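All values below come from the heavy atoms of this structure, side chains included, with hydrogens, waters and symmetry mates left out. Along the sequence shown, residues are numbered consecutively beginning with 1. What you are looking at is a predicted structure, and each value in this text was computed from that prediction instead of being measured.
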Amino acid sequence: QVQLVESGGGLVQPGGSLRLSCVVSGSIFRIYGMGWYRRAPGKQRELVARISSSGSTNYADSVKGRFTISRDNAKNTVYLQMNSLKPEDTAVYYCNRLSAILAWGQGTQVTVSS
């Protein structure tokens, strides 16, 4: 059974940093591009960062220069380093493949507030 388990969220002040992790179990990890998505209150889920199977990355304009996505194929894990956080980054963050989307995990809540 394939499972996505996100962790690392929390409450942080504006300008702070967090590092999210997502472990993918029960699936071949290395051949898939992966993404970090987020759903803010009252909004649709959006893709904010993506990484290909070869390690190429791409970011939404709203997070470019502040977020960094990476992956460790040996650990079946994808990371999202988030710096210079803003209140508008407040959302539940999820990881998933870029294609052949899996059942969504529970996500991890990120709240940016003073």
Side-chain angles (χ1 to χ4, degrees):
Q1 183 178 353
V2 183
Q3 216 174 3
L4 301 167
V5 179
E6 301 93 347
S7 62
L11 172 63
V12 63
Q13 292 187 340
S17 297
L18 285 172
R19 189 192 194 206
L20 307 184
S21 299
C22 170
V23 179
V24 183
S25 61
S27 170
I28 300 174
F29 177 76
R30 67 183 185 282
I31 66 174
Y32 288 99
M34 295 293 299
W36 279 98
Y37 305 74
R38 70 184 180 189
R39 176 176 281 167
K43 295 186 177 181
Q44 290 189 335
R45 186 159 24 213
E46 61 171 339
L47 176 63
V48 296
R50 58 194 296 167
I51 185 165
S52 71
S53 58
S54 62
S56 298
T57 60
N58 192 265
Y59 301 91
D61 288 343
S62 58
V63 307
K64 198 172 294 183
R66 300 187 298 120
F67 289 11
T68 303
I69 188 171
S70 60
R71 64 191 297 159
D72 185 337
N73 290 339
K75 296 182 179 179
N76 281 18
T77 301
V78 60
Y79 303 98
L80 186 67
Q81 177 67 44
M82 305 187 297
N83 299 328
S84 303
L85 282 161
K86 304 176 180 180
E88 51 264 42
D89 295 318
T90 295
V92 180
Y93 284 72
Y94 305 85
C95 71
N96 213 317
R97 294 175 183 167
L98 298 177
S99 61
I101 297 290
L102 300 168
W104 295 94
Q106 292 191 334
T108 186
Q109 174 71 48
V110 172
T111 303
V112 185
S113 175
S114 54

Side-chain touch [X]/[Y], heavy atoms, less than 4.5 angstrom:
X     : Y      : result
Met82 : Val110 : yes
Ile69 : Tyr59  : yes
Val78 : Ser70  : no
Val92 : Glu6   : no
Arg39 : Gln44  : no
Asn83 : Thr68  : no
Arg38 : Leu80  : no
Pro14 : Pro87  : yes

To the closest 0.5 Å, what do you measure between [atom1] ([X]) and [atom2] ([Y])?
X      : Y     : atom1 : atom2 : answer
Ile31  : Ser99 : CD1   : OG    : 9.0 Å
Ser114 : Leu11 : OG    : CG    : 9.5 Å
Gln81  : Leu18 : CD    : CG    : 8.5 Å
Ser62  : Asp89 : OG    : CG    : 7.5 Å

Query raised in the report: Is NZ or CZ of Arg71 both nearer than 6.0 Å to the six-membered ring centre of Tyr79 and within 45° of the ring axis?
Result: no

Query - Aromatic Tyr94 / basic Arg45 pairing, under 6.0 angstrom, 45° off normal - result: yes

Can you hop from [X] to [Y] via hydrophobic side chains spaced under 4.5 Å?
X     : Y      : result
Val48 : Leu102 : yes
Met34 : Val5   : no
Leu20 : Ile51  : yes

Requested in this report: Considering only NZ, NE, NH1 and NH2 on the basic side and carboxylate oxygens on the acidic side, decide whether Asp61 and Lys64 come within less than 4.0 Å.
Outcome: yes

Query - Within 6.0 angstrom of Ile28 CD1, more than 12 heavy atoms from elsewhere - result: no

Report task. Count the heavy atoms belonging to other residues, nucleotides or ligands that lie under 6.0 Å from CD of Glu46, then report whether that count exceeds 12. Result -> yes

Query raised in the report: How are the rings of Tyr93 and Phe67 set to each other: parallel, tilted or perpendicular (split at 30° and 60°)?
Result: tilted

**Report entry** Considering all heavy atoms, the nearest Cys22-Leu4 contact
**Finding:** SG-CD2, 4.3 Å

Query - Considering all heavy atoms, the nearest Arg66-Leu85 contact - result: NH1-CA, 3.9 Å

Query - Gln109 and Thr111 side chains, donor-acceptor separation under 3.5 Å - result: yes

Requested in this report: Please check if the side chain of Asn76 supplies one atom and the backbone of Phe29 the other of a donor-acceptor pair under 3.5 Å.
Outcome: no

Query raised in the report: Between Thr77 and Asp72, is there a donor-acceptor pair closer than 3.5 Å when you use the side chain of the first and the backbone of the second?
Result: no

Query raised in the report: Looking at Tyr37 versus Trp104, is the centre-to-centre ring distance below 6.0 Å?
Result: yes

